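Quick caveat, the model's predicted, so the values are computed rather than measured. Chain A is the first sequence line, chain B the second, and so forth, proteins listed ahead of strands; every chain is numbered from 1.
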Amino acid sequence: MVTDTDTDARPAGLQVRDAVVRYGPVTAVDGVSLDVGPGEVVAVLGASGSGKSSLLRAVAGLEPLAGGSVWWDGADVTGVPVHRRRFAVMFQDGQLFPHLSVAGNVGYALAGRPRAERDRRAAELLDLVGLAGYGPRPVTALSGGQAQRVALARSLAADPRLLLLDEPLSALDRGLREHLVGVLDDTLRATGIPTLYVTHDQDEAFAIADRVAVLAEGRLLQVDEPARLWAHPAGREVAAFLGYGPFLPPADAVALGWDGPPGLVAVGPTGLVPDPDGREVVVQEVRSRRGGAEVTVTLPGGEPARVRTPVIPPHGATPATLTVRLDPAGCALLP
Amino acid sequence: MTGTVAVEAARGGSVRRGGGHAWVWAAAAALPVVFLAVFFAWPVAALVARGFVIDGAFTLAGVQEVLSSARTWRIVGQTLAQAVVGTAVSVLLGVPGAYVLYRCRFPGRRVLRAVVSVPFVLPTVVVGVAFQSLLTPNEPLGFLGLEESFPAIVAALVFFNYSVVVRTVGALWSRLDPRAEDAARTLGAGRIRVLGTVTLPALAPAIASAAALVFLFCASAFGVVLVLGGASYGTIETEIWYQTTQLLDLPAAAALSILQLVVVTASLLVAGATRARQERALRLSGNPVDAPLRVGDLPAVAVTAVVVGGLLLFPMLSLAWRSLVTADGLGLANYAALSGTTGQSTVSVWQALANSLATALAATLISVGLGLLVSYVLSRRPASASGRRWLRTLDAVFMLPLGVSAVTVGFGFLITLNRPPLDLRSSWLLIPIAQAMVALPLVVRTLLPTLRAIDPRLHEAAATLGAGPGRVVATIDLPFALRGLGLAVGFAFATSLGEFGATSFLARPDRPTLPVVIFQLIGRPGAENFGMALAASVVLAALTAVAMGLAEWIGPKEVNPW
């Protein structure tokens, strides 16, 4: 188990220590420790059921901790009620208040301020998320993407110390998701609010996070910067979740042209390339992709693997064999 | 800053949080519970206890005597028979009505829905008078010879409860995803088969829940049976009234109250079980779905047209028409007579109307205030199993007044609230409190679905935005509750305005309510008295319909899916 602790520096931002969340007999979060520093965006990446949303809810105070603690700037906030934490949560499906307008939703956290200031701030935030002029609209008339942008503006209006984003883009279709990752990234950088971003989508996590924490079965497997995480996955489970596979024992790797240090080699999506001087492998099937083809082959060790080629073969013309080699840049050596 | 300290802090925090919440719920629940205990449980229990105490000693003799009398079992048989038949006919006619009014689109649908929902809130005495005026010899349907008959009572019960079935089943039907039916059609099922294998099974929880509720209403019907049944037909409810007021036989009345409680508890259990299933099903459904009328809808349309025209509108219109008939031809003489005092009573009908309005207003304030508290507590979703058990119990407890004889409540008030510590005998508040108890379950049933529809994550979202518990209630729960509030106020006001069972016991001779005066009027001989009863009934019915219409107009049209 990995712990992400930095004991030397004076604690600033969020510190989660040995957090445990239980639902009856089920342990959803099992002793997780994680930091989010000032201005930092940390993505918690995990499959569904990995406990990532439970962790986020525990940080927000929406779920009681069965063990461990949550700290902010060195102060224990474990017993602080949700509404006094100033940790704003953006939910997967927005959870906009249906009886309030867009401006009413965004201004919800600004209650108590003078009306003019509230309106001005709401307009400012709507502008920030690209929805200038949407204030008077009913939230029921918004599209999914617009609703999530209003939810983001609403969270920002609370002037939170920490943003907690719970799969904010999962309910949207792919094109919109890619666009909104950009909007989110820009907004988070512009505001500089530390953020915990929970997602099951690897691309989203890599696109947005300063550091990515991989969570499985309630435990942290690895916390690293995206490039380091990709290049040096801490183990086979992390590598498989990131999209690596197959995993080749040293002998099989060498047979495919591996000249790096010996060890278990994780083959990434671009780790196997066609090469006339490479090893001949049996082709199982060929599928057309945009801008090329994906060839499924059987490696000498018997493992199925995929090779991307820039050539789109004519339909039905499946070659019997292909010569391939490992590209070290697309592979990772597992410890 | 060790791990142990952190863990301790975490535990302390979560305990404080949970403890604080539980305290708030308990406080919110306490007031209605105390109210229910003092103004419902205590009077009813006191009355029932009288059945077991004769000359200061505990005895089962009184109860045994009642249970061994043939008359009791004839009454029980009649009660069950009329409830079973009334329920069956209501469901058989109501299901096609639900289809036509909630699944089909046609001009005038909203008006028709309003027409259908009027009878449910009409005062029972008024309905009794309306049917009576049709069935007495020499009247339009007098040739049927149905005066004081079983079919007449069943027809009146269906008149009341048709809208219960239409509304309950229609609400679910309008949200049923049509794609399940489409799928069955593409698999080769004809319309009849789709209805039998897909649609009706999906509607079963709503139908069962409506049937249980209608059974409850039919089994405890009082005013309408008292007016229409005459001497030959009675129910447990009218028998309790007869035994207490006419024979002053309290042990017999108490024994009958216990019998009634058994019947009511059984049907409440069935209703509760089916309602839980239905609310789950409703959450799964999407937006209201309807389609223009098609040729295949003809049978359902025909049935609905006959019911609405023949069973609902005809008695209502006939009542209005007959109220204009006087000895000298058509005129307003019956209405003019309303300002005079009636018989030996010292108040005019208009004065009685003023009493009714004041009483109903007070009763509405009480029942809606309590209803808001009760539904707010009942709409919570506690994490712990024991918390959920408590809520289920509370839910059932607040449904009890729906079925416990209003007569029992009224008489119980007389024997318990007449001495210190609570001497309300001379307080005019006694009647509003009794009426509020009768209306409370309806208020709760109306408010609860809107409050339960609030996604708990909306509360969470508000809390993470910095809203404390009080602000969450004010800004999230209250706006949602207001959507159902108009309808709840309407039900409370209409129910109180027409309440007869309890009020007939509690109303003082110098301050009668309108239903009490109407009942007195039809008990007196003479065409003038009957004419005044008709006119007064029209006034009361119109007032009820206007109040209900206003409430629905102020409140949401239908509760919107958001």
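In this structure, the salt bridge (charged side-chain N to carboxylate O under 4.0 Å, His left out) partners of A/R120, at least two apart in sequence or on a different chain, are A/E124. A/R113 is linked by a side-chain hydrogen bond (donor to acceptor under 3.5 Å, both in side chains) to A/E117, counting only residues two or more places apart in sequence or in another chain.
Both tests do not hold together for B/R452 against B/F480: distance to the six-membered ring centre under 6.0 Å, angle to the ring axis within 45°. Judged by the 6.0 Å distance and 45° axis criteria, B/R113 is positioned over the aromatic ring of B/Y102.
Listed in order of number, the residues of residues 88-97 of chain A that approach chain B to under 4.5 Å between heavy atoms are A/A88, A/V89, A/F91, A/D93, A/Q95, A/L96, A/F97.
Contact between A/Y134 and A/L142 at its shortest, heavy atoms only, is CD2-CD2, 4.0 Å.
Counting only residues at least two apart or on different chains, the salt bridge (Lys or Arg N to Asp or Glu O under 4.0 Å) pairs with a member in residues 148-162 of chain A are A/R86-A/D159.
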